[in-house]
Student: 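Below are the structure tokens for one structure; questions will follow.
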There are 4 protein chains.
Amino acid sequence: MAQEKRPSTTRRSERSRTAILTAARELVSEVGYAKLTIEAIAARAGVGKQTIYRWWPSKGAVVFDSILSLSEGADDGEIALPDTGDLEADLKTVLRATVAEFADAEFEAPIRALHTEIIGDPELAAAYREKMEAPMREAKKRRLRSAQDAGQLSADADLDLVLDFLYSPLTQRWLTRSGPLDEAFADALVDATLRAFRGS
Amino acid sequence: MAQEKRPSTTRRSERSRTAILTAARELVSEVGYAKLTIEAIAARAGVGKQTIYRWWPSKGAVVFDSILSLSEGADDGEIALPDTGDLEADLKTVLRATVAEFADAEFEAPIRALHTEIIGDPELAAAYREKMEAPMREAKKRRLRSAQDAGQLSADADLDLVLDFLYSPLTQRWLTRSGPLDEAFADALVDATLRAFRGS
Amino acid sequence: MAQEKRPSTTRRSERSRTAILTAARELVSEVGYAKLTIEAIAARAGVGKQTIYRWWPSKGAVVFDSILSLSEGADDGEIALPDTGDLEADLKTVLRATVAEFADAEFEAPIRALHTEIIGDPELAAAYREKMEAPMREAKKRRLRSAQDAGQLSADADLDLVLDFLYSPLTQRWLTRSGPLDEAFADALVDATLRAFRGS
Amino acid sequence: MAQEKRPSTTRRSERSRTAILTAARELVSEVGYAKLTIEAIAARAGVGKQTIYRWWPSKGAVVFDSILSLSEGADDGEIALPDTGDLEADLKTVLRATVAEFADAEFEAPIRALHTEIIGDPELAAAYREKMEAPMREAKKRRLRSAQDAGQLSADADLDLVLDFLYSPLTQRWLTRSGPLDEAFADALVDATLRAFRGS
DNA sequence: CAGTAATCGAGACGGTACGTCATGTCTTTGT
DNA sequence: ACAAAGACATGACGTACCGTCTCGATTACTG
């Protein structure tokens, strides 16, 4: 819960915390991030506004935690990407899955909201990278390293760069709705990326 | 001015229009997009609020026009990227220039503001693509086509995809501040992209 | 309207002003001054809170004006007390009327509210004296002067002191509910006061 | 301590009680009654809010007790007004003392606060009369009775009315700041009152 | 002298109202 | 006829207190 300043003397109500996070998630989906208000979250959660202000510094932080709380518990263990030995196939599977996620309004709305806020709030951006992006990025790198060991990827490839090539165009299209976001696109990204970083 | 609903009877005060656009640009730089208000723009411009509401549908549209007005007149003629015959060198020149732009707070702030709004406003996003991105994209494609003719780029390369590879990682890093944005990064993007789409 | 800071450029909505004053009067009677809130007044009047804050500096000022507005128009002409030639009878008539007013909850509540605020707000107290008490006090003094001319009251009696004797015990009993407030009391006040200030 | 509902099993912390009363007195003088808050009293007294709510029913009750506690111990014995045999002189002495009290901000502020609350709270008003006013009023009546015995005051004078004449104008002026509150005024009140109730 | 129960400081809680700010519309005034 | 000025109803902001409610930690009576 990087965004919260939890004091040591935690007399905090777990019931309220959960209700707030749930309300935030629901409301983002229903009215969108721009029209989301602290008052509406408080009302929906059956909570005083002060209880939100006491524990979160901003609307963005609440939404951040509301998303984070979805994957709670799961992130204790390490995330693992499929590893069938066939890098191309595995990457296409993963990117197609990402494409599917971006097509699901339920998942998409809160994350889009988060990205809106991230652009203007460096602190929130840092928290996002640390708590949400980093674990996934590490998992992906593990898969790529395995590919390097198998000679499917150049041994000296900059893995961060590889991931940028795979995911940035996807994310960009999703955020700006600048083009079709389908499996063909995902596949094309994998193909081109592998051409660029294939082992000699 | 795609965002404005200019009536046929244009009795519009050019003085006010300019003052509003200038005030908007200044204020975005000074206080950021999130804290930008119509009232502040009107006050700074010495203009009634109604004069803004009469001609622009939203805060985003004003900012959009305020950016657009910077490059006014220039967009009549065609933009042309350098073409020395050396694709790699030319692309690195161009991407390094983009990196430099993103480092200049004066230029960066309003465009960052615009991106914030674009994420949540599909209409504004379309206007952005049509009025601001498309001309640049076309110019870039012309340069790439020239490279295809010269055999420096695969003849069947999807040029939109090539541009995505070149620019998406750059834009993504800039927006999310997720890593250093320097010339080395620009060069690496060019190198990898060319590896992926080099003519056989 | 001593409490309002009416600017010269009065673009003020008379409809709103009246609605606010009426709502204030009603609410004081209904819930009492202590539980009266600006928000409730605004809601009842169908008015934005800002419209109240724009024109009145405090809750007390609104209530003050709401009372004042009752007697509006009437205070242009001079108020006159009955003058039958019989001072004792006339004073008893007037004091009995005051007693009756204090017994009427509709009239009593707002004035009691005003007194609560007056104790703690010297500025409001001054406005009260100037706008509401002074005209009545003058009218009473005129009657007393007529009595002096008729030799029913000592020529050198301090008329302010006479009025204090007549009204202070009445007001005090009313405010603190420290004793019965009836016609007998009113009569006793007149009798004793006349004994003290009767012409030799 | 009429306002407290002291249980038989008094486990109550005398230290806390005193700290609360002292804090209340100080704060009324510092910020005035209207801006006095339970939270501020608790904070200043180094006491939990509940400790106040446990023992007092209202803010007014705390202030009431805070004033009452000043004169603690003294009220066991009977209060006696000076009795030199000269009623006029004695009354002037006493009323001048009252005038002096009202001029002392330290004494005046809490009592003014109390009066504010008394106007709107009949229960508190009753407690005030019983615990604070009654003993003084009795003492004053004893002095007046002594004057009746000495023939300085009409034998059938209503002593409560006499006291109203002496004190109401004084209290009224003090509360509403409607005029100068000086020794001349005190003397004038005594003179007029004695004229009204002098023995034939 | 231990057990136990009420009281204590502390402060989180669901609320209400505060006074301010900005929205987008409407009205007045000056030019 | 416009535009500046700005009042208006609306509604969210973030803060201050309300009175209630846990929390341990004293504390002082009782068994």
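Throughout, protein chains are lettered first and strands after them, A, B, ... in sequence-line order, and every chain is numbered starting at 1.
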Student: Looking at the base of E:dT27, is there any donor atom on it, or on the side chain of C:R11, that sits under 3.5 Å from an acceptor on the other one?
Tutor: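 No such pair is found, so the answer is no.
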Student: Check the distance between E:dA17's C1' and C:I41's CD1 and give it to me in whole angstrom.
Tutor: 12 Å
Student: CZ of A:R177: more than 12 outside heavy atoms within 6.0 angstrom?
Tutor: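 More than 12 heavy atoms, drawn from other residues, nucleotides or ligands, come within 6.0 Å of this atom.
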Student: Can you check the C:I52 CD1 to E:dG19 C1' distance for me, whole Å?
Tutor: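 Value for this atom pair: 12 Å.
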Student: Cationic tip of C:R12 within the cone over C:W55's six-membered ring, i.e. under 6.0 Å and within 45° of the normal?
Tutor: yes
Student: Rounded off to whole Å, could you give me the CD-to-P distance for the C:E14 and E:dT28 pair?
Tutor: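 About 13 Å, once rounded to whole Å.
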Student: Distance check needed: E:dC18 C1' versus D:K35 NZ, whole Å only.
Tutor: 13 Å
Student: C:R44 and C:E39: salt bridge (charged side-chain N to carboxylate O under 4.0 Å, His left out), yes or no, with the steps?
Tutor: CA-CA 9 Å; C:R44 167 85 57 117; C:E39 295 212 319; over 6 Å; no
Student: Please determine whether side chain to side chain donor-acceptor pair (under 3.5 Å) holds for the pair D:R17 and D:T51, giving the CA-CA distance in whole Å, both sets of side-chain angles, and the decisive distance to 0.1 Å.
Tutor: CA-CA 9 Å; D:R17 194 185 142 272; D:T51 303; over 6 Å; no
Student: Rounded to the nearest 0.5 Å, what separates atom CG in C:L175 from atom CG in D:L175?
Tutor: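 These two atoms lie 8.0 Å from each other.
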Student: Starting from P on E:dC13, measure out to CZ on A:R17 and report it in whole angstrom.
Tutor: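 To the nearest whole Å, that distance equals 12 Å.
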Student: State which residues pass side-chain hydrogen bond (donor to acceptor under 3.5 Å, both in side chains) with D:K59; sequence neighbours excluded, sorted by chain then number.
Tutor: none
Student: How close or far is atom C1' of F:dC17 from atom CG of D:L27, stated in whole angstroms?
Tutor: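 Those two atoms, CG and C1', are 14 Å apart.
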Student: Could you state the NZ-P distance from C:K59 to E:dA17, rounded to the nearest angstrom?
Tutor: 11 Å
Student: Taking salt bridge (charged side-chain N to carboxylate O under 4.0 Å, His left out) as the test, write out the residues that go with B:R112, two or more places apart.
Tutor: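 For B:R112 the salt bridge (charged side-chain N to carboxylate O under 4.0 Å, His left out) partners, ignoring immediate neighbours, are B:E108.
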Student: Please write out each protein N/O paired with an N/O of nucleotides 14-16 of chain E under 3.5 Å, distance rounded to 0.1 Å.
Tutor:
residue, atom, partner, partner atom, Å
E:dG14, OP1, A:S16, OG, 2.8
E:dG14, OP2, A:G48, N, 3.4
E:dG14, OP2, A:T51, OG1, 2.8

Student: Find the distance A:R12:CZ to F:dT22:P and express it as a whole number of Å.
Tutor: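 Taking CZ of A:R12 and P of F:dT22, I get 19 Å after rounding.
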Student: Compare side-chain N and O positions of C:W55 against OP1 and OP2 of F:dC8 and report whether any pair is under 4.0 Å apart.
Tutor: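 For C:W55, the contact criterion (side-chain N or O under 4.0 Å from OP1 or OP2 of F:dC8) is met.
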Student: Which residue, B:L36 or C:A40, contacts DNA chain E at a nucleotide closer to its 5' end, judged by nearest heavy atom?
Tutor: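 This one resolves to C:A40.
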